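So that the names make sense, note that chain A is the first sequence line, chain B the second, and so on, each numbered from 1. All figures in this text were calculated on a predicted structure; none of them were measured in a lab.
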Amino acid sequence: MAAFNQQSNPDQRPLTAKIQPDGRALSLKDCEAAGGYRAVRRALGTMAPGDVTQLVKDSGLRGRGGAGFPTGPKWSFVPMGDNAPRPKYLVVNADEMEPGTFKDRLLLEGDPHQLIEGVILAAYAIQADISYIFLRGEYVLAEQRLATAIAEARGAGLIGKNILGTDYSLEVHLHTSAGRYICGEETALINALEGRRANPRSKPPFPQVCGLRGKPTIVNNVETLCNLPHIVNNGTEWFKGLSLTPNGGTKIYGVSGKVKRPGLWELPMGTTARTILEEHAGGMRDGLKLRAIIPGGASTDFLLESQLDVAMDFDTVAKAGSRMGTGTMIVLDDQTCPVGMVHNLMRFFASESCGWCTPCREGLPWVEKILEAMERGEGQPGDLEQLSRHVTALGMGLTYCALAPGAMEPLGSGLKHFRDDFERHIRDKRCGWS
Amino acid sequence: MLTTETKNEILAELAHSETNRMACIEALKIAQREHGWVSDEDLCEVARLLDLTPDEVDGVATFYNLIRRRPVGRNVILLCASVSCWVMGYVQLRARLLQVLGVELGQTTEDGRFTVLENQCLGACDHAPALMINDDLYHDVDPEQLGDILAKYA
């Protein structure tokens with residue numbers, strides 16, 4: 001179980017308030033005693049499905065999986081009413097495979113009932129009949145805890161036929177993945193659920209209209225759904241007030257790398273990267289200096305030390321030339337080779353390309369080989385131009401999905417910020433760091 | 001040959017699956033529990049149970065990282081190669097692990113005890129470097145502790 005900020009006021013950190021210091025998950029009984037499933041009772045008892053969608057729209061909640069798409073508007077594309085195609089699906093993206101990202105693990109292991117409550121609320125809003133929780137296969141403890149929580153909720157009539165005596169019914173299934181990064185892309189995830197190779201699908205049609213088995217489907221991230229019970233219980237103004245910036249709510253931020261206290265903290269949205277790194281992660285280990293961070297998982301641009309005062313929210317990080325992504329940052333210190341770090345990232349993306357479209361399938365291994373040669377001391381003049389050409393050729397809009405463009409974010413920004421290091425590798429014919 | 005118990009487990013999965021194909025990945029995972037990998041023979045049996053062609057099932061099996069189509073040892077080590085683990089000493093940990101076991105990545109020890117594979121991120125980034133052996137996650141792994149960890153697996 002990852003560490004998180006237990007010392008702060010639980011009202012200011014709703015997503016982690018029920019997570020126990022000893023790492024165990026609350027039973028349904030204890031969870032309900034602590035306020036769990038109150039939002040479901042309220043929504044199903046007193047709100048129409050459209051009211052829930054409107055509330056989430058008004059809250060300004062944006063998806064926490066990395067892209068930051070507004071959640072309420074995403075739901076509003078789902079056909080509603082008696083003539084809507086059936087069954088409709090609500091799919092949970094719990095396939096946390098972005099390197100450097102470990103935030104959903106905390107929510108899944110620490111408070112599985114909170115996720116299930118969020119699932120019921122989202123499913124009710126779009127009038128879904130079936131929900132699948134798509135969980136990555138390596139999260140064994142999360143699988144056990146979710147399976148227990150689903151069984152408890154079913155036993156208590158919170159999921160299944162006629163939930164809490166209403167005419168709304170929802171079946172919830174847990175699917176554990178067999179592992180592949182591309183499954184985090186929502187149309188690839190849908191193919192995986194259908195038992196196919198997880199290649200992304202062409203859009204349009206969008207899943208909201210034509211998704212799993214050709215039916216209306218919403219795919220939401222774990223942290224996104226975990227916000228819903230609190231928005232229903234406390235309202236939109238409260239939710240917006242949690243944040244320091246116009247992007248509402250809290251965010252689970254994480255830090256990995258050579259800091260004193262790597263970990264996860266639920267903090268107001270818009271907390272600066274510097275505050276997270278220095279106050280919460282305790283700053284760098286003795287003798288090391290921070291050189292740059294990757295702010296939100298492998299597929300985001302490097303930010304330099306001089307940019308750390310950026311507020312970590314969707315809009316501000318984008319203005320600084322990167323993306324908040326998953327909000328879990330990876331630290332590059334001054335004793336670690338930036339070329340080696342970029343090489344590690346490109347090795348990951350090359351290996352996880354699904355192979356469907358040519359620029360990604362052929363381009364990423366090419367980039368990886370150039371960087372590998374550079375690290376071995378076999379870099380050639382012209383390599384940097386070749387890498388830059390890939391940054392352009394694999395950019396957004398030139399590939400089938402966002403995997404390759406995401407890969408180009410750390411490569412393009414790495415080439416820009418660490419030019420000297422790349423050039424030195426080629427000139428000296430060796431990596432000076434190892 | 002899959003055991004009757006395995007076949008029944010796959011049929012049970014099929015019974016509550018919306019379509020046969022939707023049970024494909026789970027069926028492969030169930031079949032894999034017998035020997036840690038899925039042989040051609042087992043794959044054909046899965047295909048028959050699901051009423052899919054062997055090619056369709058193999059197309060799925062070869063796509064996913066956690067389905068193995070080649071033999072593995074009694075214990076499978078997934079060494080996390082994520083960027084966080086790389087920063088925190090993945091290279092040194094990998095070198096020590098491969099040296100202790102006398103294998104390369106992807107290989108199985110001669111006694112059939114361990115197979116070493118890479119994993120792209122185990123999601124234990126705040127406790128890097130990390131590895132998994134079967135279902136057990138180890139984090140903050142010091143290369144010098146590897147002997148003690150490996151000794152737990154027969």
Side-chain angles (χ1 to χ4, degrees), chain A residues 2-3 87 96-105 130 136-141 173 175-181 183 192-199 212-213 254-258 261-264 294 297-298 328 330-333 336 340-341 343-345 347-348 351-352 354-355 410 434, chain B residues 13-14 16-29 32 38 46 50 52 56-68 78 80-92 117-132 134-137 139-140:
Chain A
E96 182 165 70
M97 281 192 72
E98 182 79 25
T101 301
F102 50 106
K103 67 181 182 71
D104 292 339
R105 181 198 279 272
I130 302 173
R136 63 172 305 190
E138 293 89 341
Y139 279 7
V140 178
L141 181 61
H173 301 290
H175 173 94
T176 56
S177 174
R180 204 64 200 260
Y181 172 64
C183 293
L193 271 180
E194 288 186 2
R196 302 174 196 277
R197 292 170 74 89
N199 298 323
L212 187 61
R213 304 185 64 211
V255 176
S256 64
K258 292 185 179 167
R261 292 190 302 270
L264 294 166
I294 300 182
T328 43
I330 307 146
V331 175
L332 170 67
D333 57 82
T336 297
M341 188 168 178
H343 173 236
N344 168 280
L345 293 166
R347 189 162 168 254
F348 162 75
S351 125
E352 291 301 306
C354 81
S434 52
Chain B
E13 184 64 31
L14 205 51
H16 66 249
S17 182
E18 287 190 75
T19 68
N20 281 12
R21 189 187 289 276
M22 285 176 82
C24 187
I25 292 167
E26 191 56 34
L28 285 165
K29 288 173 91 173
Q32 181 164 277
V38 182
V46 169
L50 299 183
L52 297 169
E56 285 175 301
V57 177
D58 202 20
V60 171
T62 53
F63 188 88
Y64 293 95
N65 298 334
L66 299 178
I67 305 291
R68 297 181 277 264
L78 297 179
C80 182
S82 79
V83 61
S84 304
C85 284
W86 182 85
V87 169
M88 299 303 287
Y90 153 83
V91 174
Q92 294 80 355
L117 301 173
E118 270 191 342
N119 187 282
Q120 296 300 351
C121 182
L122 290 170
C125 318
D126 52 343
H127 292 286
L131 56 82
M132 259 179 113
N134 306 331
D135 281 349
D136 308 325
L137 177 67
H139 35 56
D140 301 303

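For the set G355(A), G254(A), C354(A), A198(A), the entry with the most heavy-atom pairs within less than 4.5 Å of chain B is A198(A). If you tally non-hydrogen atom pairs under 4.5 Å between each of V83(B), N119(B), I25(B), V91(B) and chain A, the highest count goes to V83(B). In terms of non-hydrogen atom pairs under 4.5 Å with chain A, the most contact-rich of L66(B), D136(B), T62(B) is L66(B). Interface remark: of the candidates H16(B), M132(B), E18(B), E26(B), E18(B) forms the most heavy-atom pairs closer than 4.5 Å to chain A. Taking A192(A), S351(A), A298(A) one by one and counting their heavy-atom pairs under 4.5 Å with chain B, the maximum is reached by A192(A). Interface summary for chain B: among S177(A), A178(A), G179(A), the most heavy-atom pairs under 4.5 angstrom belong to A178(A).
Of the atoms belonging to I130(A), it is side-chain heavy atoms, and not backbone ones, that fall under 4.5 Å from chain B. Contact of Q120(B) with chain A is made through backbone and side chain together, with heavy-atom distances under 4.5 Å. Residue contact with chain B, scored on non-hydrogen atoms closer than 4.5 Å, involves the side chain of R213(A) exclusively. When heavy atoms are compared at a cutoff of 4.5 Å, T176(A) approaches chain B by way of both its backbone and its side chain. In this structure, no portion of E96(A) lies under 4.5 Å from any heavy atom of chain B. Using a 4.5 Å cut-off between heavy atoms, E118(B) touches chain A through its side chain atoms alone. Heavy-atom distances place the side chain of L137(B), and not its backbone, under 4.5 Å from chain A.
With rounding to the nearest 0.5 Å, the separation of CE in M97(A) from CG in L122(B) is 9.0 Å. One finds the OG atom of S17(B) at 8.5 Å from the NE2 atom of H173(A) (value rounded to the nearest 0.5 Å).
Counting heavy atoms from C-beta on, the side chains of P262(A) and M88(B) never come closer than 4.5 Å. Side-chain contact check for T336(A) versus W86(B): some heavy-atom pair is nearer than 4.5 Å. By the 4.5 Å heavy-atom criterion applied to side chains, D333(A) and V87(B) are counted as neighbours.
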Next item on the list: Walk me through it: do C121(B) and F102(A) pass the test side chain to side chain contact (heavy atoms under 4.5 Å, CB included)?
Entry: CA-CA 9 Å; C121(B) 182; F102(A) 50 106; over 6 Å; no
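The side-chain contact (heavy atoms from CB on, under 4.5 Å) check on N65(B) picks up R180(A), E352(A), with sequence neighbours excluded.
Across every non-hydrogen atom of G100(A) and S84(B), the tightest pair is CA-OG, 3.4 Å.
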